[in-house]
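To start, the structure under review is shown below, and the notes come after it.
Atom set for the values below is all heavy atoms of this structure, side chains included, hydrogens, waters and symmetry mates excluded. All chains are named by letter (A, B, ...) in the order of the sequence lines, taking the proteins before the strands, and each is independently numbered beginning at 1. None of these values were measured; they are calculated from a predicted model.
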Amino acid sequence: MLALLLLITIPLLGAGLAFAIKDNGKRPWILVPIAVVHAVTVSWLWVSGSFPTLGRWLLLDAMGKIVLGLISLLFLGASLYAVGYLKQRLERNNRNFVASLLFFLSAVTVVTLSHHFGLLWVALEATTLASAPLLYFNHNQRSLEATWKYLIICSVGIALALLGTFFLAMAETAAGPVENPLFLPTMLQHGASFSVPWLRASFIFLLVGYGTKMGLAPMHTWKPDAYGEAPGLVGFLLAGALTSCAFLALFRINQVCQAAQQADFARPLFVMIGLLSMGVAAVFMLGQEDYKRMLAYSSVEHMGILTLALGLGGLAIYGALLHLLSNGLAKGVLFLTAGNIHRHYRSKSVSSVQGVFRRLPLSGALFMAGFIAITGSPPFGIFVSEFTILRSAVNDGHWTVVALFLGFLALIFVGMGRIVLSMTQGEPAENQPRRGVEGEAPAALPTEGATRAPVIEPWLTTLTPCVLLLSVFLLGIYIPSWLDRPLQMAAALVGGHR
Amino acid sequence: MDHLVQIILIGVILTNLVVLGSHPLNTCIRAVALQGVALGVLPLFLHGREWSYHTFLISFMVIGLKGFLIPILLFRAIREAVVRKEQEPLIGFTASLILGGGLVGLGFAVSSGLPLPAEIKSSLLVPVALSTLMIGLLVIVTRVKILTQTLGYLMLENGIFAFGLILTKELPWLIEMGVSLDIFAGIFVMGTLMGHIHEEFNTLSVRKLSSLKG
C-alpha cells in the first residue's frame with residue numbers, strides 16, 4: 001500500500017534535503033512537516049482499521065500498529081522540541097544531526113512493518129548506525145566515549161541477533177526446504193515442524209542480541225553512558241522509540257516460540273532477565289549522582305518490566321502494551337525537561353542542581369510530575385499498566401515474582417525520589433551556575449540579575465513535554481475503544497488478553 | 001572439495017589464534033584480512049559443484065570487502081595515529097591463547113547438540129563459526145586498543161558469516177545485501193569514530209575512555 005511506502009521514503013527524502021540545506025538555522029524546521037506527514041498517515045491507518053501490506057515482507061499488524069503509532073507521536077513531539085533545542089545550539093553544525101534523525105525515523109518505521117526476520121535485523125542495525133551520530137552531537141570527550149561504547153556493544157548485540165536469525169532459519173528448514181524462510185506468517189503456520197534444538201539456540205541468541213539493543217541487564221552497560229551524554233532529545237528517542245522496536249523484535253520471537261510449542265522454554269528466560277534488569281536498575285539508582293544517568297537506569301527498569309510481562313503472559317501482555325505506550329510518553333517528559341534543566345544549570349550533578357521549581361517553574365513542575373508518573377503512581381498510565389501486570393502475577397500465583405516486582409519498584413521509587421526532590425526543592429545556589437565545559441552550553445549566557453528570577457521558557461522546548469504528560473495522564477484515566485481494540489488484538493498474538 | 005573446505009576452516013581457526021597471540025597490530029590486521037579471503041573462497045566449495053553467478057558474486061564481494069577494503073581502512077587508521085603499533089591485551093598473550101583454545105573446544109561441544117542438514121558435508125563449519133564468534137568477543141573485551149576491538153568485531157562478524165553460508169540458498173538476495181551493507185556501514189562509522197578518538201585523546205586506547213562510570 002502506498003501509505004507504507006510514504007512512511008518509509010518521506011523521511012529518507014527529508015534526510016537528503018537536510019544535507020542540501022545550508023542554513024544551520026532553518027534546517028531543523030524540515031523535521032516538523034515530515035513528522036506531521038508521518039503522524040497524519042499513521043493516524044489515518046489507525047482510524048481506517050486496515051492492515052495494509054507492501055510487497056511480500058512489509059505488513060502492518062496490530063502489534064506493529066501500536067509501536068508505529070507510539071513512535072510517530074513521539075517523533076512529532078521530538079521534532080518541535082528539536083527546533084527549539086537546535087535554535088539554542090546554533091554554534092554546532094546540525095546537518096548530520098537532522099539527517100540522522102530522519103534516517104532514524106525511516107529505519108524504525110521499517111522495523112514496525114517488517115514481518116521477515118532478516119529484514120527486521122537489517123532495519124534494527126540501521127537504527128544503531130543512525131543513532132550513533134545523534135549521540136555524538138556534543139563532540140566532546142565524554143560523548144565520544146559514550147558513542148563508542150554504544151556502537152561496539154549494540155553492534156555486538158545485533159550481530160548475535162543475526163546469528164540467532166540464522167539459527168531460526170535452520171530451525172524452520174530442518175523439516176525440508178521452505179520457499180520463503182524467515183517469513184513470520186509462514187513460521188506461525190508451520191511452527192510445529194521446527195527443529196527444537198535449533199529453535200532454542202535461536203531464541204537464546206535473539207534474546208541476548210535484541211535484549212542488548214533494548215538495554216536489558218546484563219547487556220545494559222551502554223545505556224547510562226549514552227543517555228547520560230546525549231542531548232535529552234536523543235535520550236528521549238532512544239528510550240521511547242528505539243527500545244520499543246527492540247521489544248517488538250522480542251515480541252515477534254515470542255510469537256514463533258508459541259507457534260512451535262516452546263513457550264514453556266521461553267517464558268522463564270523472559271521472567272528472569274526482566275527481574276534481573278529491574279534489580280540492576282534498583283541497585284544503581286540508589287546513590288546515583290547524575291540525574292541523566294538516573295533516567296537511563298529508569299529505562300533499564302521499564303524494559304525489564306516489559307520483558308517480565310512478556311514472560312508472564314495472559315493478562316500481563318495487555319499490561320505490557322499499555323506499559324510500552326505509557327513509558328514512552330512519561331520518559332519523554334523526563335528526558336526533555338532534564339535537557340531543559342541541564343542547559344540552564346550546565347551540570348548533570350544532582351548536588352549542583354537545586355531549586356528547579358524556583359528557577360524553571362514549568363520544567364521543574366513537569367519533571368516532578370514525570371517522576372510521579374514514571375514510578376507508577378496513580379492517576380497516570382503506568383500505574384494502570386503496572387497494576388495490570390501485578391494482577392496477572394497474583395492471579396497466576398507467581399508469588400516470588402510478585403515479591404521481587406514490588407520490592408524493586410519500591411527501591412526505585414525511593415532512589416529516584418531522593419534525587420528528584422533534592423533537585424526541585426530548595427533555593428537555587430546564590431553564586432552563578434558553574435561554567436564548566438561539561439556537556440551542552442547555551443549560545444548566550446544569562447545576565448547577572450536574570451539568574452535569580454524565574455525563567456520563562458520558550459514554548460518550543462516545553463509544549464512537547466506538556467502534551468506528553470497530558471497523554472500519559474489520559475491513558476491512566478480512560479482507555480478509549482479505538483485504542484483498547486488494537487491493544488487486545490496485539491496481545492492476542494501471543495496468547496494475551498484483557 | 002570436502003577436503004578443501006576442511007583445510008580452509010582450519011585456516012580460519014589458525015588466523016584466530018594468530019590474532020590472539022600476535023603483538024604487532026599490522027599482523028593482526030593481515031590475519032583478519034586473510035580470514036576474510038578464506039571465507040570469501042569458502043562459498044565456491046561448500047555446496048559441491050553447484051556454482052552459479054550468485055556464488056561467484058558473493059565470493060568476489062566478500063574477498064573485496066573483508067580481504068582488501070576494510071583492511072585498507074584499518075591500515076590507514078593506524079598510520080594516521082601517533083600510536084604504538086602493538087596490541088595491548090588486558091590479559092597476557094598466553095592466557096589469551098589458552099582461553100582461545102578453550103573457546104574452540106566450547107564451539108565443538110555446543111555444535112554437537114545442533115543437527116545439521118544432510119547436504120552440509122563439513123563437520124567443521126558450525127564449530128568453526130561459533131569459535132570465531134566467541135574469540136571475536138574475547139578480543140573485544142580483553143583488548144585495550146580501539147582498533148583491536150574493531151578487529152574483534154570483524155572476527156565475530158566473520159564467524160556469523162561462516163555460519164550464514166549454510167543458508168546461502170535459503171536467504172533472499174535483498175537480505176544478503178542489507179546485511180553486508182549494514183556491516184560495512186558499521187565498520188565505517190567505527191573507523192570514523194576512531195579518527196575522532198585519536199584527535200580527542202591523542203591515542204587509540206580505551207584506557208583513556210574511563211571517565212564514565214556507574
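- For a residue to count as touching a neighbouring chain, one of its non-hydrogen atoms must lie under 4.5 Å from one of that chain's; by this rule Thr147(A) touches chain B with backbone and side chain alike.
- Looking at Leu160(A), both its backbone and its side chain come within 4.5 Å of chain B, counting heavy atoms on both sides.
- If you take CZ on Phe163(B) and OG1 on Thr165(A), they are separated by 11.0 Å, rounding to the nearest 0.5 Å.
- Crowding of Phe60(B) atom CZ: a count of heavy atoms from other residues, nucleotides or ligands under 6.0 Å not exceeding 12.
- For Ala132(A), the part lying near chain B is the side chain, with the backbone staying farther off; criterion is any non-hydrogen pair under 4.5 Å.
- Summarising the geometry of Ile166(B) relative to Met170(A), their closest heavy-atom pair is CG2-SD, 3.7 Å, with the distance given to 0.1 Å.
- Looking at every heavy atom in both residues, Pro197(A) comes nearest to Gly113(B) through CB-O, 3.7 Å.
- The minimum heavy-atom distance linking Tyr153(B) with Ile152(A) is given by the pair CB-CD1, 4.4 Å.
- Residues Ala159(A) and Leu156(B) approach most closely at CB-CD2, 3.2 Å, considering heavy atoms.
- For Trp198(A) (side chain) and Leu114(B) (main-chain N/O), no donor-acceptor pair under 3.5 Å exists by modelled atom type.
- Counting heavy-atom neighbours within 6.0 Å of Phe68(B) CZ, excluding the residue itself, gives a total of 12 or less.
- Around the CZ atom of Phe194(A), the shell of radius 6.0 Å holds more than 12 heavy atoms that belong to other residues, nucleotides or ligands.
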